[in-house]
Amino acid sequence: MSSDTQPVSIREARNSILAEIGEGVTLVAASKRQPDARIEAALAAGQRVFGENRVQEAQQRWTDRSGQYADLQLRLIGPLQTNKAEDAVQLFQAIETLDREKLLHALIKAVEKTGAPPPDLYIQVNTGDEPQKGGVSITDLADLIAATQDTYPGRLVGLMCIPPADEPAAPHFALLKQLADAHALAQVSMGMSGDYALAARLGATHVRVGTALFGARET
Ligand SMILES: *Cc1c(COP(=O)(O)O)cnc(C)c1O
């Protein structure tokens with residue numbers, strides 16, 4: 001794709017994704033490893049909600065840009081190390097990957113120390129019980145929800161999952177929605193480029209879409 005056709009195609013891709021997911025669902029543009037020109041094209045098309053995987057990449061991308069867009073919303077969708085918590089609470093309006101009490105405590109301390117408005121939190125659930133994957137186990141979810149609601153100065157708003165790559169996603173989406181309902185959490189972040197329409201049908205409030213919106217990532 002040449003750079004002068006890119007903005008048009010990102011606009012078109014965005015429009016078709018928005019049409020598929022319907023009005024009640026928020027498109028989170030997963031911008032990891034995408035070149036600046038594509039981020040600019042998405043902004044020009046009206047996209048304001050972006051999901052970032054790494055704190056440092058997000059700082060580089062948004063520190064100068066964020067002042068230009070009052071309605072910009074940045075969300076952390078990748079794993080967070082406790083030593084990056086202070087940077088994270090100052091940059092993101094939502095953190096989708098809370099998965100352990102140690103990180104909860106680091107976020108609380110980071111909010112206290114920086115005075116940043118506490119980001120909305122989502123708990124990432126390891127619905128496939130995969131050993132290498134982030135996310136709290138279903139067994140430990142209730143305790144982490146309770147700890148968060150008892151101690152975090154901001155809001156716990158929902159749950160997030162990344163289903164196993166080699167399994168049908170639908171059962172994982174249905175399970176996450178069921179868990180969110182059971183704990184009276186209103187927001188459900190699930191679905192990526194290959195399955196965002198399915199996720200939307202199964203109750204997602206936020207879909208995180210990268211390549212289907214921007215094109216293939218830089219390696
Ligand atoms: C990269 C990523 C996405 C988007 O993936 P695509 O397949 O490019 O849509 C969504 N969620 C998370 C957590 C990601 O890391």
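Whatever order the structure lists them in is the order used to number ligands and atoms, beginning at 1.
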With side-chain contact (heavy atoms from CB on, under 4.5 Å) as the criterion, how do I123 and L121 come out once you've worked through the C-alpha distance, each side chain's angles and the decisive distance to 0.1 Å? CA-CA 7 Å; I123 292 176; L121 295 184; over 6 Å; no

For Y122 and R75, does a side-chain donor sit closer than 3.5 Å to a side-chain acceptor? yes

Judged by modelled atom types alone, do T127 and H172 share a side-chain donor-acceptor pair under 3.5 Å?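 Yes, because at least one side-chain N or O of T127 sits under 3.5 Å from a partner of the opposite role on H172.
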
Is it true that D36 and R65 make a salt bridge, defined as a side-chain N closer than 4.0 Å to a carboxylate O? yes

Salt bridge or not between R61 and E52? Use side-chain N to carboxylate O under 4.0 Å. yes

Which atoms of ligand 1 are found less than 4.0 Å from any heavy atom of [X]?
{"X": "A30", "value": "3 (C), 4 (C)"}
{"X": "V209", "value": "9 (O)"}
{"X": "I162", "value": "13 (C)"}

How far is [atom] from the closest protein heavy atom, and which atom is that?
{"atom": "atom 13 (C) of ligand 1", "answer": "I77 O, 3.3 Å"}
{"atom": "atom 11 (N) of ligand 1", "answer": "R208 NE, 2.9 Å"}
{"atom": "atom 10 (C) of ligand 1", "answer": "M192 SD, 3.2 Å"}
{"atom": "atom 2 (C) of ligand 1", "answer": "K32 NZ, 2.5 Å"}
{"atom": "atom 9 (O) of ligand 1", "answer": "S193 OG, 2.5 Å"}

Verify the neighbour count for atom CG of D64: are there more than 12 heavy atoms of other residues, nucleotides or ligands below 6.0 Å?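 Count not over threshold, so no.
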
Checking contacts here: is it the side chain or the backbone of N53 that comes within 4.0 Å of ligand 1, counting heavy atoms only? Could be both or neither. side chain

Please determine whether side-chain contact (heavy atoms from CB on, under 4.5 Å) holds for the pair Y196 and V25, giving the CA-CA distance in whole Å, both sets of side-chain angles, and the decisive distance to 0.1 Å. CA-CA 10 Å; Y196 59 82; V25 182; over 6 Å; no

If you measure every N/O of G210 against every N/O of ligand 1, is any gap under 3.5 Å? yes

Donor-acceptor pair, R11 side chain versus G46 backbone, under 3.5 Å?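 A pair under 3.5 Å: no.
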
Give a yes/no on ligand 1: does R217 have at least one heavy atom closer than 4.0 angstrom to it?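 Yes, R217 has heavy atoms under 4.0 Å from ligand 1.
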
